[in-house]
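First the structure, in the form of structure tokens, and then the observations on it.
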Amino acid sequence: MSKIRHTTIDTDAFDALFRPVPNHMDSNASVDFGRGGCLFETYGEALAFVRSQNPQCIWTIIDGDDGESLIVSGYHFVNRLGYILTARPVPADARYTVRNFDD
């Protein structure tokens with residue numbers, strides 16, 4: 001079994017490495033990386049859509065312990081503020097945290 005590596009990156013690296021996709025369900029979605037708002041809600045039709053996607057392409061915006069909003073790879077329920085989907089998956093042996101995120 002391989003060891004999980006944890007990497008912290010900034011929003012520019014997140015955008016370049018994983019390519020967040022705009023929310024096609026909400027033309028007013030927030031969290032825009034230059035191609036349209038990428039935030040998916042935590043309930044209803046948006047949540048159902050997120051959960052139907054490749055789990056390695058799901059990211060969760062969370063409220064961190066120090067009040068800082070973070071984007072973390074994977075589907076998380078606790079402290080979630082919303083979800084982002086990416087065009088490129090996170091490798092199975094990796095976990096990422098995106099810091100310096102200003103929602």
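In this chain, numbering begins with 1 at the start of the sequence shown.
Although no hydrogens or angles enter the test, the distance criterion places a donor-acceptor pair under 3.5 Å between the side chain of D32 and the main chain of G36. Looking at R88, its side chain does come within 3.5 Å of a backbone N or O of A16 through a donor-acceptor pair. In this structure, S73 contributes its side chain and Y96 its backbone to a donor-acceptor pair below 3.5 Å.
When all heavy atoms are compared, the tightest approach of A92 to I4 is O-CD1, 3.7 Å. The two residues I61 and I84 come nearest to each other via the heavy atoms CD1-CD1, 3.9 Å. Of all non-hydrogen atoms in A29 and L39, the two that sit nearest each other are CB-O, 3.6 Å. Minimum heavy-atom separation, T60 to H76: OG1-N, 2.9 Å.
With sequence neighbours excluded, the residues forming a salt bridge (charged side-chain N to carboxylate O under 4.0 Å, His left out) with D93 are R5, listed by chain and number. For the side-chain hydrogen bond (donor to acceptor under 3.5 Å, both in side chains) test, residues two or more places apart in sequence or in another chain that qualify with H6 are T97.
Residues I62 and L81 form no side-chain contact, since every pair of their non-hydrogen atoms from C-beta on lies 4.5 Å or further apart. Inter-residue side-chain proximity for R80 and L47 is flagged as met; some heavy-atom pair is nearer than 4.5 Å.
Both V90 and I9 are part of a single hydrophobic cluster, where members link through side-chain heavy atoms under 4.5 Å apart. L70 and F40 are not part of a single hydrophobic cluster, where members link through side-chain heavy atoms under 4.5 Å apart. L17 and V21 are not part of a single hydrophobic cluster, where members link through side-chain heavy atoms under 4.5 Å apart. Linking Ile, Leu, Val, Met, Phe, Trp and Tyr residues whenever their side-chain heavy atoms come within less than 4.5 Å places V50 and F77 in a single cluster.
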Report task. Begin with the C-alpha distance, continue with both residues' side-chain angles, and end with the deciding distance and a verdict on side-chain contact (heavy atoms from CB on, under 4.5 Å) for L85 and C38. Result -> CA-CA 7 Å; L85 300 174; C38 296; over 6 Å; no
Report task. Before giving the answer on side-chain contact (heavy atoms from CB on, under 4.5 Å), spell out for I58 and Q56 the whole-Å C-alpha distance, their side-chain angles and the decisive distance to 0.1 Å. Result -> CA-CA 6 Å; I58 300 172; Q56 291 175 267; over 6 Å; no
Query raised in the report: Could you walk me through whether R19 and R35 pass the side-chain contact (heavy atoms from CB on, under 4.5 Å) check?
Result: CA-CA 10 Å; R19 306 302 293 174; R35 292 175 297 283; 3.3 Å; yes
Report task. Decide side-chain contact (heavy atoms from CB on, under 4.5 Å) for V98 and D10; before the verdict, give the C-alpha distance in whole Å, the side-chain angles of both, and the deciding distance to 0.1 Å. Result -> CA-CA 5 Å; V98 181; D10 64 18; 5.7 Å; no
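Distance check: T11 OG1 to R99 CZ gives 13.0 Å after rounding to the nearest 0.5 Å. One distance of note links CD of E41 with CG of D26; it measures 7.0 Å at 0.5 Å rounding.
W59 pairs with exactly one of F33, Y83, F18 by the ring-ring contact (aromatic ring centres under 6.0 Å, His included) rule, that one being F18.
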